[in-house]
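Structure first, then comments.
Just the heavy atoms: all of them, side chains too, but no hydrogens, waters or symmetry mates, feed the values below.
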Amino acid sequence: MRLFLMYIIGTKVKLLLIVKRVNQRYNEMSYKNTTERVIRMKFSKKIAMFILIFDMFLTFSGVGLVIPIMPAYLKTFGAAGQALGFIIAIMAFAQFIFSPVAGNLSDRHGRKNLIVFGLVVNGLSQIAMGLSTELWMLYVSRFITGFGSAFIVPPVMAYAADISTKAERGKAMGWIGAAISLGFMIGPGIGGFLSTVNVHFPFYFAGGVTILAGILSFIVLPVVKPVIQEVSTKRENLWEQMARSFKTSYFVLLIVVFVFSFGIANYQSTLTMYLTYQFDYTPSDIAIIMTVGGFVGVIIQGFAINKLITRFGEMNIIMVSLIVAAFSLYGLLFVRTYSLILFVATLFTIATILIRPAVNTIISKTAGREQGYAAGMNNAYMSLGNMIGPALAGTLFDWHRDIPFTFGAIILLSCFVLTYVWTKKNGIKQHHFS
């Protein structure tokens, strides 16, 4: 009997040891599998972020690409400056109309499909511009380009928010902003270089590359579940969405988006004429002035914005940048040497470039489950600024060449006061927005 009990006990011990070893092995395998999944997930996010950055760069380089081409291209249609103004405005108008729609659709149906759709439409419309034989065809093609862009920008920003934590949000928006700025900056250079083949080639090239980007996005981008969980079945039109934006917690930030977009458009549309009439600068002189600030700003956005946001907070960056932008824009009227003009213009460009990711980060953090709607409103207000800025600046410049700079500085300072009062009234910590 004693031997039998010892045998039973020994068998149980052996079984326990076997179970323990099996559990250890299972835990090791589970840990290994979990680690591999985490690594794959991080790698997938990095690839997705790279594709998003590339898509935004292509979209906004296409916007800048036409700037050096259009004067010569419009001559083939017997048109000039007024037609160019309409072509610039009509794209911004299309973005303004369709950006909120695209944002809401991305909340309902996901980001990836809309990004791919927008890229393909954008690419086809640019090819259509190169094939146009009548002026009205250019207007229609550019409107469709704006329509396609509206289905790229809000979903891309919402996608970036979906795959990043709040701690990573500033860095993600910084890279997206850097892609936008870099596209704006080197787009005209690319267009000028490609136009040496012929005046149509830049449109074909840009359209083809954008379509390829759409195919690449379709193949590579993973499908991510939107942050929003429940969506109202009520469909809102543009004006209802705009009216709803007045009641959002980030409405003042949308005003900031409009103002700095207006300021940039005001600056870009009048600086070339101002420097030409005031100082008789050549196109290459002006190109250097407009490019240096953008290049420095892109470097800061890409590599330092997250550290700046962590150190100083989004609101401080926004308010300081508004002050610097206002005084540097007005200061351009008082500098006379090329080096000082280059320095002041660079300050303005850096300030406006820094505002974009800081604003985008706060809007994204406060949007909660409506990332697509918030991104759509963000792009809509930016399009409004891009649409109104050049038209108003041109009219003011015809009255007096100093007025656009003075008026722009007043608007920027007014926006600073509004933002400062808003932060105090709502008790928002200026050091860091969480």
Side-chain angles (χ1 to χ4, degrees), residues 55-56 58-67 84-106 114-115 118-119 121-122 125-126 139-158 173 176-177 179-181 183-184 187 236-246 248 250-269 352-353 355-357 359-360 363-364 367 372-394 408 411 415:
D55 290 345
M56 290 293 269
L58 284 180
T59 301
F60 284 90
S61 62
V63 174
L65 179 140
V66 304
I67 293 173
L84 178 59
F86 280 123
I87 287 172
I88 293 173
I90 200 168
M91 180 178 175
F93 180 65
Q95 286 181 293
F96 167 67
I97 293 175
F98 293 106
S99 288
V101 177
N104 272 353
L105 285 175
S106 76
L114 269 71
I115 293 171
L119 287 167
V121 170
N122 191 297
S125 67
Q126 293 193 64
Y139 293 144
V140 172
S141 298
R142 204 58 177 168
F143 182 86
I144 296 173
T145 302
F147 169 78
S149 298
F151 280 82
I152 300 171
V153 180
V156 163
M157 294 174 67
M173 293 302 170
I176 294 293
I180 294 172
S181 301
F184 270 132
E236 295 176 314
N237 60 39
L238 171 63
W239 308 115
E240 288 174 335
Q241 290 187 54
M242 292 294 292
R244 181 153 69 94
S245 73
F246 300 161
T248 60
Y250 47 85
F251 173 65
V252 168
L253 296 171
L254 294 175
I255 298 298
V256 174
V257 170
F258 169 78
V259 169
F260 84 77
S261 299
F262 173 90
I264 293 172
N266 175 79
Y267 166 81
Q268 290 177 334
S269 60
T352 52
I353 283 176
I355 293 172
R356 190 191 306 274
V359 170
N360 290 348
I363 291 176
S364 179
Y373 170 77
M377 285 292 101
N378 190 338
N379 199 45
Y381 279 81
M382 181 176 69
S383 300
L384 266 180
N386 290 337
M387 182 170 57
I388 297 172
L392 183 58
I411 293 295
C415 186

Working to the nearest 0.5 angstrom, can you tell me the gap between Met387 CE and Ser261 OG?
11.5 Å
Return the CZ to CD1 distance between Phe98 and Ile144, rounded to the nearest 0.5 Å.
10.0 Å
Just verifying a value: how many Å separate Gln95 CD and Met91 CE, rounded to the nearest 0.5 Å?
4.5 Å
Rounded to the nearest 0.5 Å, how far does CD1 of Ile152 lie from OG1 of Thr59?
3.5 Å
Aromatic plane relationship, Phe143 with Phe93 - under 30° parallel, 30 to 60° tilted, over 60° perpendicular
tilted
So CD1 of Ile115 and CG of Asp55: to nearest 0.5 Å the spacing works out to 6.5 Å
What I'd like to find out is whether the side chain of Asn378 reaches to under 4.5 Å of the side chain of Tyr250, using heavy atoms alone.
no
Give me the atom names and distance for the closest heavy-atom approach of Ala150 to Ala102.
O-CB, 3.1 Å
At their closest point, which heavy atom of Leu105 faces which heavy atom of Phe151, and how far apart are they?
CD1-CE2, 3.9 Å
side-chain contact (heavy atoms from CB on, under 4.5 Å) between Met377 and Met242: does it pass, once the steps are laid out?
CA-CA 7 Å; Met377 285 292 101; Met242 292 294 292; 4.0 Å; yes
Of all heavy-atom pairs linking Ala380 and Ser99, the shortest is N-CB, 3.9 Å
Would you please test Tyr373 and Ser106 for side chain to side chain donor-acceptor pair (under 3.5 Å) and show each step?
CA-CA 8 Å; Tyr373 170 77; Ser106 76; over 6 Å; no
Does Arg142 qualify as a cation-pi partner of Phe147, given the criterion of NZ or CZ under 6.0 Å from the six-membered ring centre and within 45 degrees of its axis?
no
What distance separates Ser149 OG from Met56 CE, expressed to the nearest 0.5 Å?
9.5 Å
If you compare all heavy atoms of Met157 against all heavy atoms of Ile176, which two are closest, and at what distance to 0.1 Å?
CG-CG2, 4.4 Å
Taking all non-hydrogen atoms of both residues into account, name the closest pair between Ser125 and Ser141 and its distance.
CB-O, 3.5 Å
Verify side-chain contact (heavy atoms from CB on, under 4.5 Å) between Ile388 and Phe262, making sure each step is shown before the conclusion.
CA-CA 7 Å; Ile388 297 172; Phe262 173 90; 4.1 Å; yes
Side chains of Val153 and Phe60 in contact at under 4.5 Å (non-hydrogen atoms):
yes
Given Val359 and Leu254, is the side-chain contact (heavy atoms from CB on, under 4.5 Å) satisfied, shown in steps?
CA-CA 8 Å; Val359 170; Leu254 294 175; over 6 Å; no
